[in-house]
Amino acid sequence: MSSIPTLHALLIDEIKDLFHAENQLLKALPKMGKAATNRQLKAGFSAHLTETRGHVTRLAQALRILGLPAKGKPCHAMMGLVEEGAEAIATKGPDAVRDAALIGAAQRVEHYEMAGYGTARAFAQALGESRVAALLQATLDEEGDTNKKLTAISEVVNAEALAAGGEIAAPKKSRK
Ligand code: FE
Ligand code: FE
C-alpha cells in the first residue's frame, strides 16, 4: 500500500490512474472498432480513438504542470472494463447483438472515465490547481459527449438487434 498523505498526493494518484486507463483504451478501441458492424458505431470508435489521444496529451500536460513525468500507475478498474470489452468482441451471434454488447462495454468505459475525471477535477479545484482543473474539465466534457453519441447510436443498433434475433418488441405495459 502506498502512502497518500495529502489531497495533492491523491490528485496525482488519480491522474496517474487516468493516464494508465486512457493508454489502455488506445489499445482496446481499435479492436472494438474492428469488431463493430454498424457503420456509425465503427466511426464512433475511430473518433473516440482520436479523442483518447488528446486525453492522454492533456493528462501528460497536467502531470508536467505538477512537475511530474508522463507516467501512469496500473488502473485495475479499466483493466476489468477492457476485459469486458474483449468479451463483447468475442460474442457469437447476430452482428447487431454484438454491436449492442460493444456499446454496453463502451458506455461502461465512458461512465468510469466521467467518474474519474470528475473526482480528479474536484481535487484540483479544491487545491487551487486551476490549470490542471481546466484540462480535466475539457476531457470530462468530451467524455460526456461521447456517452451521449453512444446512446444515440444504441437506439438504432438495439432496433437492429431485435430484428436480427427475430424478436418482437414487447408491448409497453400500462402502469396503473
Ligand atoms: Fe478518455
Ligand atoms: Fe472516453
Side-chain angles (χ1 to χ4, degrees), residues 10-66 68-91 98-125 127 129-158:
L10 188 56
L11 169 65
I12 289 168
D13 193 79
E14 291 284 346
I15 293 176
K16 283 185 173 175
D17 221 88
L18 287 166
F19 188 82
H20 183 254
E22 295 279 21
N23 274 292
Q24 287 183 71
L25 285 177
L26 289 182
K27 286 180 228 151
L29 284 167
K31 293 179 197 163
M32 292 177 85
K34 220 177 140 206
T37 303
N38 178 286
R39 275 170 56 200
Q40 255 189 299
L41 183 58
K42 252 185 193 312
F45 278 123
S46 124
H48 193 196
L49 177 64
T50 307
E51 225 176 61
T52 298
R53 290 197 190 102
H55 298 175
V56 169
T57 305
R58 284 201 194 105
L59 290 169
Q61 278 177 278
L63 287 167
R64 199 180 322 128
I65 290 168
L66 296 166
L68 293 161
K71 222 176 144 263
K73 71 173 258 280
C75 174
H76 299 282
M78 188 59 84
M79 285 181 204
L81 290 170
V82 166
E83 260 179 60
E84 295 291 331
E87 215 175 275
I89 290 169
T91 300
R98 186 182 321 101
D99 280 354
L102 287 166
I103 293 176
Q107 286 199 290
R108 281 197 289 277
V109 165
E110 288 318 306
H111 282 258
Y112 174 71
E113 289 185 295
M114 283 154 72
Y117 278 100
T119 300
R121 193 246 3 242
F123 292 161
Q125 271 173 343
L127 287 158
E129 291 283 359
S130 56
R131 283 195 297 155
V132 173
L135 286 164
L136 296 169
Q137 182 66 53
T139 296
L140 180 56
D141 291 342
E142 287 181 3
E143 306 293 9
D145 288 346
T146 300
N147 185 52
K148 282 192 200 126
K149 278 181 212 155
L150 283 166
T151 300
I153 297 170
S154 79
E155 279 165 26
V156 177
V157 165
N158 291 346

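Each residue takes its place number in the sequence, starting with 1. First listed ligand is number 1; within each ligand, the first listed atom is number 1.
For residue E51, no N/O/S atom approaches the Fe ion (ligand 1) to within less than 2.8 Å. Among the atoms of E142, no N, O or S atom falls under 2.8 Å of the Fe ion (ligand 1).
The nearest N/O/S atom of E143 to the Fe ion (ligand 1) is OE2. Among the heteroatoms counted here (N, O or S) of H55, ND1 is the one nearest to the Fe ion (ligand 1). For the Fe ion (ligand 2), the nearest N, O or S atom contributed by H48 is named NE2. Checked against the Fe ion (ligand 2), the N, O or S atom of E113 at the shortest distance is OE1.
Of the N and O atoms on the side chains of H20 and Q24, at least one donor lies less than 3.5 Å from an acceptor on the other residue.
Dense packing is recorded around NZ of K73, with more than 12 heavy atoms of other residues, nucleotides or ligands lying under 6.0 Å away.
When atom types are taken as modelled, the side chain of T91 and the backbone of A88 share a donor-acceptor pair closer than 3.5 angstrom. The main-chain N or O of E143 is never found under 3.5 Å from a side-chain atom of N147 such that the two would form a donor-acceptor pair.
Salt bridge status for R58 with E142: present, with a side-chain N to carboxylate O gap under 4.0 Å.
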